2 protein chains.
Amino acid sequence: MSFPKPTDSELAILQELWQRGPSTVKVIHEALSSSRDIGYTTALKLMQIMHEKGLLTREREGKTHIYQPAVSQEKIQKQLLNKLVDTAFQGSAMKLIMQALGNEKTSIDELTQIKSFIEKLEGGQNE
Amino acid sequence: MSFPKPTDSELAILQELWQRGPSTVKVIHEALSSSRDIGYTTALKLMQIMHEKGLLTREREGKTHIYQPAVSQEKIQKQLLNKLVDTAFQGSAMKLIMQALGNEKTSIDELTQIKSFIEKLEGGQNE
DNA sequence: AAGTTTATACGAATCTTTTCGTAATTGCAA
DNA sequence: TTGCAATTACGAAAAGATTCGTATAAACTT
């Protein structure tokens, strides 16, 4: 069960859909327009392709289509994360985590959350 | 000072160079060949392009060129990591870290290391 | 039902990345 | 110096992703 890895444009569309829930091309196009210059038919075509690839499902509602992600945000995040770990961090999730922590965008509060998450994991089964 | 983001193939070449140190096309080609099917001139061309882009430096040594990364592994890791945080994790490094931890590839020992790294950070200045 | 609006479908152009064939160059050996 | 093997340079094809113009279809208005 592996999905084709979404391209950058596709990921942007998935993000909108995950955040907004089921949406028409029109809505997604407007959302994308605010951050970059993109034609309506371009957005449409992308979503049609994503539908063909199985990244989106859709349903006709009168004249328009309502699109929805066919994959969970978590699954895609996992996929992209694993790929990055493999290609850029020699397969070591720890290296990646350390880097991310070092990028000093994490607040004290978040650090505490992460720490307690780790403690929960340590209590668990990770051998 | 921002480098062009390396493509997947380019990243694979950078990895080899970071690991092996300065190398010829021949050596890199052989290394890549072990994990996938790639022609010699393909590898050569990629490295030439990377040189043009400023990702690699090179030096003539007799008839051959010796290539070297022009950017540090850490810089590229940071670049790719930040991009992933932005495009897939809504800008939240914490979300990414949690996911990475959850992917259960991290050993108890590594968890401990991460935890003590966090403690060091907490002692520091992160506001 | 004809015209208008809004949406989809289709096809092709463009751009980027990857690929490799062929030609030119270099260094060495005979 | 001529010939051979190794290497680079060049150009263009192939594959993938993005873009959009134009045509078609659907629903609403009058």
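Every chain is numbered from 1, with letters handed out A, B, ... down the list of sequences. No experiment lies behind these values; they were computed from the predicted model shown.
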Asks: Whole angstroms only, please: what is the CG-P distance between B:L44 and D:dA6?
Replies: 16 Å
Asks: Inspect the contact between B:E10 and B:K53 and indicate whether a charged nitrogen and a carboxylate oxygen are less than 4.0 angstrom apart.
Replies: yes
Asks: NZ of A:K63 versus C1' of D:dA27: gap in Å, rounded?
Replies: 5 Å
Asks: Rounded to whole angstrom units, what separation is found between the CD1 atom of B:I28 and the C1' atom of C:dT18?
Replies: 18 Å
Asks: At less than 4.0 Å, is any side-chain N or O atom of B:Q48 found next to OP1 or OP2 of D:dA9? Yes or no.
Replies: yes
Asks: Compare every heavy atom of A:P4 with every heavy atom of A:Q79, then report the nearest pair and how far apart it is.
Replies: NE2-C, 4.1 Å
Asks: Phosphate oxygens OP1/OP2 of C:dT8: is one of them under 4.0 Å from a side-chain N or O of A:Y40?
Replies: yes
Asks: For B:A100 and B:T106, which heavy atoms make the closest approach, and how far apart are they?
Replies: O-OG1, 4.2 Å
Asks: Between D:dT8, C:dT19, C:dT8, which one does the side chain of B:T64 approach most closely?
Replies: D:dT8
Asks: Starting at atom CD of A:E52, determine the distance to atom C1' of D:dG16, rounded to an integer number of angstrom.
Replies: 14 Å
Asks: side-chain contact (heavy atoms from CB on, under 4.5 Å) with B:L44: which of B:I49, B:I28, B:V25?
Replies: B:V25
Asks: Let me know the distance between CD1 of B:I49 and P of D:dT8, rounded to the nearest Å.
Replies: 15 Å
Asks: Can you say whether a donor on the side chain of A:K45 sits under 3.5 Å from an acceptor on the base of C:dG11, or the other way round?
Replies: yes
Asks: Distance check: side-chain N/O of B:T42 vs OP1/OP2 of C:dT18, anything under 4.0 Å?
Replies: no
Asks: When you measure from the side chain of B:T7, which nucleotide among D:dT8, C:dT18, D:dT19 comes out closest?
Replies: C:dT18
Asks: For the side chain of B:R60, starting at C-beta, report the closest nucleotide among D:dT7, C:dT26, D:dG11.
Replies: C:dT26
Asks: Take B:Y67 and A:S9, find for each the nucleotide of DNA chain D with the closest heavy atom, and name the residue whose nucleotide sits nearer the 5' end.
Replies: B:Y67
Asks: When we call it a touch if two heavy atoms are under 4.0 Å apart, what does B:E10 touch: a base, just sugar-phosphate, or nothing?
Replies: nothing
Asks: Name the closest nucleotide to the B:R36 side chain, picking from C:dT19, D:dC20, C:dT6.
Replies: C:dT19
Asks: Among B:Q48, B:M47, B:Q68, which one satisfies side-chain contact (heavy atoms from CB on, under 4.5 Å) with B:R58?
Replies: B:Q48
Asks: Among the candidates C:dT19, C:dC20, D:dA26, find the nucleotide nearest to the side-chain atoms of B:T41.
Replies: C:dC20
Asks: Could you please name the option among D:dC20, D:dT18, C:dT17 that lies closest to any side-chain atom of A:L46?
Replies: D:dT18
